[in-house]
2 protein chains.
Amino acid sequence: MKISTKGRYSVTALYELALHYGTGPLPLKNIAQGQGLSENYLEQLMLPLRRAGLVKSIRGAQGGYMLAREPKEITIGEIITTVEGPIAVVDCLLAEAGAKDQPCERACACVTRGIWEKVCDSISEVLGGITLQTLMDNDKGSEHVGCAR
Amino acid sequence: MKISTKGRYSVTALYELALHYGTGPLPLKNIAQGQGLSENYLEQLMLPLRRAGLVKSIRGAQGGYMLAREPKEITIGEIITTVEGPIAVVDCLLAEAGAKDQPCERACACVTRGIWEKVCDSISEVLGGITLQTLMDNDKGSEHVGCAR
DNA sequence: TGGAATCCCGAGCAGTTTTGTCAGATTTAT
DNA sequence: ATAAATCTGACAAAACTGCTCGGGATTCCA
C-alpha cells in the first residue's frame, strides 16, 4: 500500500510548474534541482504526463515544460493515475472496468470485493478533491516542518 | 497502490474462520482448499496473525486455527496491517510515528505531506470500519458475481 | 551557419519485494 | 506407533522500483 516515488515526484514536479504557471516554459533541470530529484528519472515521468495532456513541452533551447491547464483544473488523482496506472487496489476491480478478462476465475463467494471497492472509492475521492491550486493555497503561511519530498 | 495477496489471502482466510467461529479448530488444509489458496503460503501468513493475537492455533492431529476474538471484534484493517505492515502510503509518515529517523532529510517546502496523510486516514477509516461480522452480514443474500479471491 | 540548450526515447540494470515452494522439526489425538 | 497437524527457516523465480546512460531531434541565439 505504497505510493511510489513516481507518483510523489510527479506531484511535486507539477506543483513546481503550477508555481510558475503563466510565466513561460520551465526547463526540467530547474525542476529537478529545485526539488532535489534526478533529472534523468524525472524526464521519464514527464513523458506520460505530456501524453495525458497534463503538461505541454517546448523543445529546443529556452524550452521546457508548462502546465497544459490551470492549476485548479488539475487534480492530484489525475497526476498519480497517469504515472502509476489506475487506482485499483486489487486487479479484480480493474478487470471489470476493462472487461478484457473474466472478472474472476473462481466462482467463489466474493465477500471481500466490496471492501476493495470502498477503499478505491475512498482514495479516489480524496485525491480527486485536491488540485494543484489547493496545494498552493494551503502552502501560504504554513510552517514547513516534516516533508515527503 | 496495490493491496498485496498477503492482505487479500489473510482476509479471506480469516473470513472462513469467522464462518466456523465457535465450532472448534479448522485445519489450514480446509481453508486453503476451500478458497483455492496455496496451503504452504497461507501457512506463512498465519504466523504473524497468530503472534498479533488475531487467531489461536492448536497443534497436532485434529488441530487447526480459530479466531482469537469474536468476528465483530476483528477489523479488516487489523488483519491487513498485521500481515502488510502499517498503512503508510509514504515512508515519511512512518518516520514520524516511529521517530527513528528525521521526518525528512530535505528542509523542503512540504506541500504534499498533507495529501498522503489524508489518503492514509481515509484508508484506515474504511478498513477500520469493516469487521469480519460485517462481511458475514453483508454476504447473506448477495449475488456472488465478481470476485477478488 | 554552428553550437548550445533542451526535450524525446528506448535500453539496461542493480536492488528490493512479492509470491510462493520445500524440507524438516515439533506437537498431539487416536 | 502412526497420522494429522502446526511451526520454522531456507531458498528461488518473477515482478517491480528507481534509477542511469546514450544517442537523437528540435529550437534558440550569436
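All values derive from a computational prediction rather than experimental measurement.
The CD-P distance, from A:Glu39 to C:dC9, rounds to 17 Å in whole Å. If you take CE of B:Met1 and P of D:dT17, they are 12 Å apart, rounded to a whole angstrom. B:Leu49 places its CG atom 14 Å from the C1' atom of D:dT6, with the value rounded to the nearest Å. When rounded to the nearest whole Å, the span between CG of B:Leu45 and C1' of C:dT18 equals 12 Å. Distance A:Asn40 CG to C:dG10 C1': 13 Å, rounded to the nearest Å. Regarding B:Tyr9, its OH atom lies at a distance of 14 Å from the C1' atom of C:dT21, rounded to whole Å. Rounded to whole Å, atom P of C:dC7 lies 15 Å from atom NZ of A:Lys56. The interatomic distance linking A:Tyr41 (OH) with C:dC8 (P) rounds to 18 Å, in whole Å.
Take the nearest nucleotide of DNA chain C for A:Gly63 and for A:Leu47: the residue whose nucleotide is more 5' is A:Gly63.
At a cut-off of 3.5 angstrom, the base of C:dC9 holds no donor-acceptor pair with the side chain of A:Gln44.
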Could you list the donor-acceptor pairs under 3.5 angstrom formed by side chains in residues 47-59 of chain B, with sequence neighbours left out?
none

Donor-acceptor pairs under 3.5 Å, side chain of residues 75-86 of chain A to any protein atom, not counting sequence neighbours: which ones?
unit_1, atom_1, unit_2, atom_2, d
A:Thr75, OG1, A:Glu78, N, 3.1
A:Glu78, OE1, A:Arg69, NH2, 2.9
A:Glu78, OE1, A:Thr75, N, 3.4
A:Glu78, OE2, A:Arg69, NH2, 2.6
A:Thr81, OG1, A:Gly77, O, 2.9
A:Thr81, OG1, A:Glu78, O, 3.2
A:Thr82, OG1, A:Glu78, O, 2.6
A:Glu84, OE2, A:Ser4, N, 3.0
A:Glu84, OE2, A:Ser4, OG, 2.8
A:Glu84, OE2, A:Gly7, N, 3.2

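Using a 4.5 Å heavy-atom cutoff, the side chains of A:Leu26 and A:Glu16 are in contact. Between B:Glu70 and B:Tyr21 there is a side-chain heavy-atom pair separated by less than 4.5 Å.
If one axis is set at each end of the helix from C:dT1-D:dA30 to C:dT30-D:dA1 from five pairs, those axes are 10° apart, to 10°.
For A:Asp121, there are no side chain to side chain contact (heavy atoms under 4.5 Å, CB included) partners, not counting sequence neighbours. When the side-chain hydrogen bond (donor to acceptor under 3.5 Å, both in side chains) test is applied to A:Thr134, the partners found at least two apart in sequence or on another chain are A:Thr131. Residues passing the side chain to side chain contact (heavy atoms under 4.5 Å, CB included) test with A:Gln62, sequence neighbours excluded: none. By the side-chain hydrogen bond (donor to acceptor under 3.5 Å, both in side chains) test, A:Gln133 is found to be paired with A:Asp137, residues two or more places apart in sequence or in another chain being considered. Remark: A:Leu42 pairs with A:Tyr9, A:Ala13, A:Leu28, A:Ile31, A:Ala32, A:Leu37, A:Leu45 by the side chain to side chain contact (heavy atoms under 4.5 Å, CB included) rule, at least two apart or across chains.
If you check C:dT6, D:dT8, C:dC7 against the side chain of A:Tyr65, the one that comes closest is C:dC7. Among the nucleotides C:dG20, D:dC7, D:dT17, the one closest to the side chain of B:Ser57 is D:dC7.
Residue B:Arg8 has no polar side-chain atom (N or O) positioned under 4.0 Å from OP1 or OP2 of C:dT18. Under 4.0 angstrom from either OP1 or OP2 of D:dT20 there lies at least one side-chain N or O belonging to A:Ser38. Put simply, A:Arg51 has a side-chain N or O that comes within less than 4.0 Å of OP1 or OP2 on C:dC9. Phosphate proximity of C:dT19 to B:Ser4: present, with a side-chain N or O under 4.0 Å from OP1 or OP2.
Residue pairs that meet the side-chain hydrogen bond (donor to acceptor under 3.5 Å, both in side chains) test with at least one member in residues 23-32 of chain A, sequence neighbours left out, do not exist here. For residues 62-91 of chain B, no pair satisfies ring pair (Phe, Tyr, Trp, His ring centres under 6.0 Å), with sequence neighbours left out.
Within 6.0 Å of CD on B:Glu39 lie more than 12 heavy atoms contributed by other residues, nucleotides or ligands.
Listed by residue number, there are no residues of residues 20-28 of chain B with a heavy-atom contact under 4.0 Å to DNA chain C.
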Q: Using a 4.0 Å heavy-atom cut-off, write out nucleotides 23-30 of chain D from 5' to 3' as B (base contacted by protein), S (sugar-phosphate only) or - (no contact).
A: -BBBBBS-
